[in-house]
> 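Here it is, the structure, as structure tokens.
Values in this document were obtained by computation on a predicted structure and should not be read as measured data. Numbered from 1 within each chain, the chains take letters A, B, ... in sequence-line order.
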Amino acid sequence: MKEVRTRFAPSPTGFMHLGGLRTALYNYLFAKKMGGKFILRIEDTDQERFVEGATEVIYDTLRGCGMNWDEGPDIGGDYGPYIQSERKSLYLPYAQQLVKSGHAYYCFCTREELDGRRAAAEAKGEVFKYDKHCLHLSPEEIQAKLDAGVPYVIRQNAPTEGESSYDDLVFGHMSFPNDTLDDMVLIKQDGMPTYNFANVIDDHLMGITHVMRGLEYLSSTPKYNLLYEAFGWEVPQYIHLPTVMRDATHKLSKRDGDAYYSDYVDKGYLTEALINYLALVGWNPGDDREFFTMDELIDVFDVHRLNKAPGIFDVDKLTWFNHHYICQMDFERYLELVTPWFDKVLAGKNIDYRRLAQLMQERTEVFNRVPDMVRFLAELPDYDVELYTHKKMKTNPDVARTALNLMKPVLEGVEDWNETTLHDTVMAAIADAGMKNGAVLWPLRIAISGQQNTPGGAIEIAWLLGKEETLRRVDDGLKRLENA
RNA sequence: GGCCCCGUGGUCAAGAGGCCUAAGACACCGCCCUUUCACGGCGGCUACUCGGGUUCGAAUCCCGACGGGGUCACCA
């Protein structure tokens, strides 16, 4: 059996769209699963859109996600170059070959003429389709225009009758009436190939066996097939992928800041969580497993389990995956990753990051939520004494006053400020006073944190804060309770 | 609008004519655990878009409607 070769062919826009990333993922998984090759090709024929450093974004994202290509611009291969702009001289001869065989023709219509005809068609409520006007030019007329240097494009000569069909591995048998096929431009006026043409030529020249790409190409595929057939080339297997949506009616978009890989990385999502989740939007392993490493994905991946229906990207589920991966990760790595987020609000505050990280790791869902969770350590937030009321803990402002008055001397008496001593001393004092743990610890935690939810309990927070600050906050709490 | 695709709970999804009074996960709600939250445990809520067929029997097959998406560039 022939070696499977898939490719990911992004345009260097400077950003990696999540839909594109998922396409890359599936291409990678399929190639690896089949023991084949995964090729990276950069489609930069549109020079106007050139963005500095954009190819590096593609390289970094793919590598960062663990998808290493077997052939590509930076590592070479037997079918290079892998950057389309470096291949530009290659396409014209192929187009001319099609002109000779009658599968394409020169077109001298100007953009203005075309726009006019398009507008006229639309005015009549019709769909504009190139009318093959230039197909009927005589050889002499064509040669004369060519000799005179009249600008031209080369168009595909698509059939107008019958129908074209092909089999898609996901969508099954696809059939389209030929009269809906437009004579698409193959070579632009500037001599450069259109994306549509370059794609076919490159895929063939690079020996691509399976073309896996977004659904948007589903209906233009017949035109590509016509090209393959005109050249007498083998048509690749097609695997079109359903769209990744933001909600039922919208795609993930740049404007909403929810479309790019970097948007999520910046917020504090882990690449392994992103990849794991993305793999499951539009595909499933057929059983209940949800957590997969890249190797495990390769092992279980099967194109037949790809879904046809579009999938909505659910940030909550992604967050759940992220939380899972954060909990699983090595503590030292967590500490390293969380430190910059601590720094945003705790820099210079003399807080023990290591201990705080221990308390925070299993409570971290997404890193960008960390600052708000630990900010109270830097500065006591203003809070309402109502926080001292908690039914289950059997506390209210009165109980809280008693509790804090009980705790104040106890804490002042703690010489060796460490968690064990703190814990034992505090618990003993509560027992001696005959109070409930919750009735004392709840008010204490509120007084020193100023908020309802905190990472860790009263003892841990008191230790993190240090004796001086803890006592200062207890006094502050007492003062608030007096006024209440 | 033409052509094409899709349609199981709020979301991802299993389901390929009887195993479906439809799995699992996320989210949500309740209870338990707990010095808060989180974690964990237990339980709950919510779905086959609709209408016709075919069949002894349909979420599964067919037709239609409706809904959503894609595509109709010298952009990729």
> Can you tell me how far C1' of B:U36 sits from CZ of A:Arg445, to the nearest Å?
3 Å
> Could you tell me whether A:Trp69 and A:Tyr59 have their ring centroids closer than 6.0 angstrom?
yes
> Rounded to whole angstroms, how far apart are CD1 on A:Ile201 and P on B:A76?
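After rounding, the reported distance stands at 15 Å.
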> Nearest to the side chain of A:Phe176 - B:C3, B:C5, B:U35?
B:C3
> Ignoring the backbone of A:Asn196, work out which of B:C74, B:A76, B:G68 is nearest its side chain.
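For the A:Asn196 side chain, the nearest candidate turns out to be B:A76.
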> Both distances below 3.5 Å, Watson-Crick or wobble geometry, any strand: find the nucleotide opposite B:A76.
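Checking every strand shown, B:A76 finds no partner, since no pair has both distances under 3.5 Å.
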> How about A:Ser11 and A:Tyr195: does a side-chain donor come under 3.5 Å of a side-chain acceptor?
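No, A:Tyr195 and A:Ser11 have no side-chain donor paired with an acceptor closer than 3.5 Å.
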> What's the closest nucleotide to the A:Trp320 side chain, out of B:A25, B:C74, B:C4?
B:A25
> Just the rounded figure in Å: distance from P of B:U36 to OH of A:Tyr383.
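A:Tyr383 atom OH is separated from B:U36 atom P by 18 Å.
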> Could you state the atom-to-atom distance from CZ of A:Arg213 to C1' of B:G70 in whole Å?
14 Å
> Can you check nucleotides 42-47 of chain B for protein contacts, nitrogen or oxygen pairs under 3.5 Å, and list what you find?
none

> Could you tell me if A:Asp203 and A:Tyr224 have a donor-acceptor pair between their side chains, going purely by distance under 3.5 Å?
no
> Mind listing the N/O atom pairs, protein and nucleotides 38-41 of chain B, below 3.5 Å?
unit_1: B:A38; atom_1: O2'; unit_2: A:Glu362; atom_2: O; d: 3.4
unit_1: B:A38; atom_1: N3; unit_2: A:Glu362; atom_2: OE2; d: 3.3

> Do the side chain of A:Asn27 and the main chain of A:Ala9 share a donor and acceptor less than 3.5 angstrom apart?
no
> Rounded to whole Å, how long is the line connecting atom CE of A:Met184 with atom P of B:C75?
13 Å
> Which pairs, with at least one residue in residues 274-285 of chain A and sequence neighbours excluded, count as a side chain to side chain donor-acceptor pair (under 3.5 Å)?
A:Asn276-A:Tyr325, A:Asn284-A:Arg305
> Tell me the interatomic distance from A:Glu122, atom CD, to B:A73, atom C1', rounded to whole angstroms.
11 Å
> What are the residues of residues 451-464 of chain A, sorted by number, that bring a heavy atom to within less than 4.0 Å of RNA chain B?
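Within residues 451-464 of chain A, the residues near RNA chain B are A:Gln452, A:Asn453, A:Thr454, A:Gly456, A:Gly457, A:Ala458, A:Ile459.
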> Between A:Tyr228 and A:His204, how do the two ring planes meet: parallel, tilted or perpendicular, split at 30° and 60°?
perpendicular
> List for me each residue that meets side chain to side chain contact (heavy atoms under 4.5 Å, CB included) alongside A:Ala458, sequence neighbours excluded, and say none if there are none.
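Side chain to side chain contact (heavy atoms under 4.5 Å, CB included) check on A:Ala458 returns A:Leu441, A:Leu444, A:Arg445.
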> Both distances below 3.5 Å, Watson-Crick or wobble geometry, any strand: find the nucleotide opposite B:G67.
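Pairing partner: B:C6.
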> Got a donor-acceptor contact below 3.5 angstrom from the A:Ser85 side chain to the A:Asp44 backbone?
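Between the backbone of A:Asp44 and the side chain of A:Ser85 there is no qualifying donor-acceptor contact (under 3.5 Å).
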> Could you run down the sub-3.5 Å N/O contacts of the protein with nucleotides 29-34 of chain B?
unit_1: B:U34; atom_1: O4; unit_2: A:Lys392; atom_2: NZ; d: 2.2

> Does OP1 or OP2 of B:G2 have a side-chain N or O of A:Lys124 closer than 4.0 Å?
no
> For residues 151-181 of chain A, which residue pairs pass the ring pair (Phe, Tyr, Trp, His ring centres under 6.0 Å) check, not counting sequence neighbours?
A:Tyr106-A:Tyr152, A:Tyr166-A:Tyr238
> Who passes side chain to side chain contact (heavy atoms under 4.5 Å, CB included) against A:Ala104, sequence neighbours left out?
A:Leu98, A:Val99, A:Ile154, A:Leu186
> Kindly point out which of B:U35, B:G70, B:C74 is positioned nearest to the side chain of A:Arg118?
B:C74
> Between A:Val185 and A:Asp288, which residue's closest nucleotide on RNA chain B lies nearer the 5′ terminus?
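Upstream on the strand: A:Asp288.
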> Heavy atoms from C-beta onward define the side chain here; which of B:G70, B:C75, B:U35 lies closest to that of A:His423?
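That would be B:U35.
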> Generate the contact string for nucleotides 6-14 of chain B. Rules: B means base contact, S means sugar-phosphate contact only, - means no protein heavy atom under 4.0 Å.
SS---BSSS
> Suppose we define a pair by two distances each less than 3.5 Å, Watson-Crick or G-U wobble; what does B:A23 pair with here?
none
> Hey, are A:Gln358 and A:Arg355 close enough side-chain-wise for a donor-acceptor pair under 3.5 Å?
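On atom types as modelled, these side chains qualify, holding a pair under 3.5 Å.
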> How close or far is atom P of B:C4 from atom OH of A:Tyr238, stated in whole angstroms?
19 Å
> Does A:Thr110 use its side chain to pair, donor to acceptor, with the backbone of A:Glu113 at less than 3.5 Å?
yes
> Base, sugar-phosphate, or nothing for A:Val127, non-hydrogen atoms under 4.0 angstrom?
base
> Nearest to the side chain of A:Lys251 - B:G70, B:U35, B:C75?
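Nucleotide nearest to A:Lys251's side chain: B:G70.
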> For a quick check of understanding: with a heavy-atom distance under 4.0 Å over all strands, which category does A:Met174 fall into, base, sugar-phosphate or nothing?
sugar-phosphate
> Report, one line per pair, each donor and acceptor closer than 3.5 Å where one atom sits in a side chain of residues 314-321 of chain A; sequence neighbours left out.
unit_1: A:Asp314; atom_1: OD1; unit_2: A:Asp316; atom_2: N; d: 3.0
unit_1: A:Lys317; atom_1: NZ; unit_2: A:Glu290; atom_2: OE2; d: 2.9
unit_1: A:Thr319; atom_1: OG1; unit_2: A:Tyr269; atom_2: OH; d: 2.8
unit_1: A:Thr319; atom_1: OG1; unit_2: A:Val315; atom_2: O; d: 2.8

> What distance, rounded to whole Å, do you find between the two P atoms, one in B:C33 and one in B:A14?
39 Å
> Could you work out, with side chain to side chain contact (heavy atoms under 4.5 Å, CB included) as the rule, every residue matching A:Ser89, not counting sequence neighbours?
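With sequence neighbours excluded, A:Ser89 shows a side chain to side chain contact (heavy atoms under 4.5 Å, CB included) to no residue whatsoever.
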> Sequence neighbours left out, what pairs pass ring pair (Phe, Tyr, Trp, His ring centres under 6.0 Å) with at least one residue falling in residues 370-406 of chain A?
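The answer is A:Tyr383-A:Tyr388, A:His390-A:Trp442.
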> Measure CG/A:Asn178 against P/B:C72 and give the value in whole Å, please.
18 Å
> Other residues, nucleotides and ligands only: do more than 12 of their heavy atoms fall within 6.0 Å of NZ on A:Lys132?
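Counting neighbours around NZ of A:Lys132, more than 12 heavy atoms of other residues, nucleotides or ligands fall under 6.0 Å, so yes.
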> May I ask you to check whether over 12 heavy atoms, not counting those of A:Lys436, lie within 6.0 Å of atom NZ?
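Check fails, neighbour count at 12 or below.
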> Touch check for A:Ser220, heavy atoms < 4.0 angstrom, all strands: base, sugar-phosphate only, or nothing?
nothing
> Rounded to whole angstrom, note down the P distance from B:G40 over to B:A27.
10 Å
> Using heavy-atom distances to pick each residue's nearest nucleotide on RNA chain B, tell me which of A:Ser175 and A:Thr110 is more 5'.
A:Ser175
> Could you work out the separation of B:U60 and B:U21 based on their P atoms and round it to a whole Å?
14 Å
> Rounding to the closest angstrom, what is the interatomic distance between B:G2 and B:C61 at atom P?
26 Å
> Kindly say whether A:Asn157 contributes a backbone atom to a donor-acceptor pair with the side chain of A:Asp183 at under 3.5 angstrom?
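Pair absent, no side-chain N/O of A:Asp183 close to backbone of A:Asn157.
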> In whole Å, measure the gap between the C1' atoms of B:C63 and B:U55 for me.
16 Å
> Using purine N1 to pyrimidine N3 plus N6-O4 or O6-N4 for Watson-Crick, or N1-O2 and O6-N3 for G-U wobble, both under 3.5 Å, which nucleotide pairs with B:C61?
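Across any shown strand, B:C61 pairs with B:G53.
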> Are A:Asp131 and A:His133 linked by a side-chain donor-acceptor pair shorter than 3.5 Å?
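No, no side-chain donor-acceptor pair sits under 3.5 Å.
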> Could you let me know what B:C42 is paired to, Watson-Crick or G-U wobble, both distances under 3.5 Å, or none if it's on its own?
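By the stated definition (distances under 3.5 Å), B:G30 pairs with B:C42.
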